[in-house]
Amino acid sequence: MASGAGDWSSSPIDDYETLISTTDVELLKRAWRNEKASPEILPFQDALVKRAKEQIQLMEETVDEFEESGHDPLIVSLYQMDLDRAQFLLRSYLRVRLQKIEKFMFCIWKNDTYRDRLSEEEKSFIESCIRVIEKHLDETVLSKLPENYRDILKQSAISEEDDMVPEPQLDTFVVANCKRATRPLYLDSNRQSAVFDNRDDYFQMVPGDLCIIRYKPFREELINGNIDLV
Amino acid sequence: MHGRKAYQLVKEFASGEKGQLKPFNRELFGRVLEECNEHHGALQSLIRKMQEEGLDVQTARNADHYGALIHHLSLTRNKRCLMAYMYNRAEIIRVLAWKVGLLHELPEEIQEKLSDSEEEYFKDHAKTLKSYMSQMGLDVNVDMVPPKDPYIKVRVLEDVGGGIILSDKSANFARHSMHFLKRTDAEQYIARGLMEELTS
């Protein structure tokens, strides 16, 4: 998996850069880094994960073949290392997502945008999680409280909205690397929200910029792929 | 009254070491629940009093209204404290389910700290994780650290006897013996504390 199809032919240096940046490994690394750094859950990279799983399986078979055929053990262990590291990336990506889901399960479940970002398996995971914790909290606390106070999401029957749901902190600072130029954004004085505007004092990132920013105004840019989190 | 016991409950949880559970404080928990019901009783009697005096419960603003309001607020505060206590303990239990629950039972010392419902929650959550992993066809709880070498040196901490299954050889693991194992094999024993990795 060092390059997309195990092709070791020599390419000119600038082609190498583009080749490297679009291999599945790089895409997976990028998805993994973004997911780790972002406070909210990002869209699930369905096609990428499928391809990664297939390639890992292919690698496993290759390594097994090599071991049996008595291939040079050094090469085998190199392939094995590569395989291990690819597996780690994939597992860690899924793991980070699962942990975010566990932490913010009610918030994700209620919000359509977030719910659409889950894979099918993650959807059944979150349903099951919610069922289990509702059962647990119900038995221990909620059923013993008076009427009107038994809801899991609202403090009491007179609350106007669901006030007991933990939400991700979208204002945290993140370090972002710009790949493509972002839209010009007009940030307010706390830099906490942004409007797409054509005023003069806008903020725009150009490729190669490395900035520390609050997460919230740049959500769109991250999802479009204009910036990456580090 | 008025949230003081609930405060004690939350404080007890917060004063523990991060990530460690204290034994489930059944007594204090039960007392906070009783308080909630007391507050509710008082709240209802005040509202009834207002209704008997012919006042509109929604808009009247006399002493009874404010008394009822205080009971309501104490109740919601107690509810929040109780939920916080349970929810945070549940979070720690989830971490345990990730580390241990998928293959093995909980060790004794931890099991006695959980209430019955929490043990159920632990099992249920482990089941949820297992079903996700079988759907995906991957184990998500191995490889918690990025791999550096395919083989690592380990020292056996507890006597495991001959029951260890390795992918390429079998060995007898006496206490304090050192071995050079494949990382994927050794990981589950390291997670259970039966072996430790030698990094020097």
Side-chain angles (χ1 to χ4, degrees), chain A residues 49 53 56-57 67 76-85 87-99 101-103 119-122 124-133 135-142 144-152 154-156 158-159 163-164 166, chain B residues 24 29-30 32-34 36-37 39-41 43-44 72 75-80 82-87 90-91 93-95 98 115-118 120-125 127-129 131-151 168 182-184:
Chain A
V49 169
K53 275 208 265 193
I56 287 181
Q57 200 150 6
E67 274 201 37
V76 176
S77 72
L78 284 179
Y79 272 99
Q80 179 72 39
M81 261 317 292
D82 197 28
L83 177 63
D84 281 345
R85 290 177 83 90
Q87 271 184 329
F88 168 76
L89 258 189
L90 184 61
R91 285 184 178 136
S92 190
Y93 174 67
L94 296 172
R95 209 172 20 234
V96 167
R97 289 180 64 91
L98 283 186
Q99 285 170 345
I101 291 177
E102 280 181 352
K103 200 160 176 205
S119 72
E120 283 308 312
E121 295 90 354
E122 288 172 347
S124 54
F125 176 73
I126 198 177
E127 272 176 17
S128 181
C129 267
I130 289 190
R131 204 180 350 117
V132 169
I133 204 174
K135 166 171 167 250
H136 174 62
L137 288 176
D138 243 350
E139 273 176 16
T140 46
V141 175
L142 296 174
K144 310 212 170 110
L145 288 177
E147 286 282 331
N148 288 348
Y149 294 91
R150 288 197 184 156
D151 195 84
I152 197 173
K154 295 193 169 56
Q155 284 194 72
S156 70
I158 54 183
S159 303
D163 34 7
M164 289 186 39
Chain B
F24 184 72
F29 197 80
V32 177
L33 279 173
E34 270 172 36
C36 282
N37 286 315
H39 279 300
H40 188 68
L43 170 70
Q44 280 186 321
H72 166 72
L75 228 177
T76 45
R77 189 179 161 83
N78 280 351
K79 175 178 175 178
R80 279 202 307 277
L82 288 171
M83 296 281 275
Y85 185 68
M86 296 308 302
Y87 195 74
E91 219 178 315
I93 293 177
R94 285 200 288 266
V95 172
W98 271 88
S115 72
D116 297 327
S117 180
E118 288 180 336
E120 278 294 312
Y121 180 67
F122 172 79
K123 289 198 194 107
D124 288 336
H125 196 76
K127 239 189 288 180
T128 309
L129 269 175
S131 98
Y132 174 82
M133 296 204 296
S134 65
Q135 278 182 339
M136 292 295 285
L138 274 184
D139 271 344
V140 221
N141 67 334
V142 296
D143 276 350
M144 297 296 238
V145 246
K148 268 173 144 186
D149 282 313
Y151 283 87
D168 48 356
K182 249 191 176 164
R183 206 177 29 76
T184 37

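Bear in mind that the values here come from a model prediction, so they are computed numbers and not experimental data. To find a chain, count down the sequence lines: A is the first, B the second, and so on, and within it residues start at 1.
Taking OG1 of A:T140 as the start and CZ of B:F24 as the end, the distance is 6.5 Å to the nearest 0.5 Å. Atom CD of residue A:E120 and atom CD of residue B:Q135 lie 9.5 Å apart, to the nearest 0.5 angstrom. Rounding to the nearest 0.5 Å places CZ of B:R94 at 5.0 Å from CD1 of A:I133.
Of the two parts of A:L89, neither the backbone nor the side chain holds a non-hydrogen atom closer than 4.5 Å to a non-hydrogen atom of chain B. Contacts of A:E139 with chain B are made by side-chain atoms alone, with heavy-atom separations under 4.5 Å and no backbone atom involved. For B:Q44, no part lies near chain A; criterion is any non-hydrogen pair under 4.5 Å. Residue A:S124 touches chain B through its side chain alone, counting heavy-atom pairs closer than 4.5 Å. If you measure heavy-atom distances from A:L94 to chain B, the contacts under 4.5 Å come from both the backbone and the side chain. Residue contact with chain A, scored on non-hydrogen atoms closer than 4.5 Å, involves the backbone and the side chain of B:T128 alike. Heavy atoms of B:F29 lying under 4.5 Å from chain A belong exclusively to its side chain. Heavy atoms of A:E122 lying under 4.5 Å from chain B belong to its backbone as well as its side chain. Contacts of B:Y132 with chain A are made by side-chain atoms alone, with heavy-atom separations under 4.5 Å and no backbone atom involved. Of the two parts of B:L43, only the side chain, counted from C-beta on, holds a non-hydrogen atom closer than 4.5 Å to a non-hydrogen atom of chain A.
Using a 4.5 Å cut-off on side-chain heavy atoms (C-beta onward), A:F125 and B:M136 make no contact.
A 6.0 Å sphere centred on NZ of A:K103 holds no more than 12 heavy atoms belonging to other residues, nucleotides or ligands.
Each of B:L33, B:D116, B:L82 has some count of heavy-atom pairs under 4.5 Å with chain A, and the biggest count is that of B:L33. Contact count against chain A (heavy-atom pairs under 4.5 Å) is highest for B:K79 among B:M86, B:H40, B:E118, B:K79. Note: B:H72 leads B:R80, B:E120, B:H72 in heavy-atom pairs under 4.5 Å with chain A.
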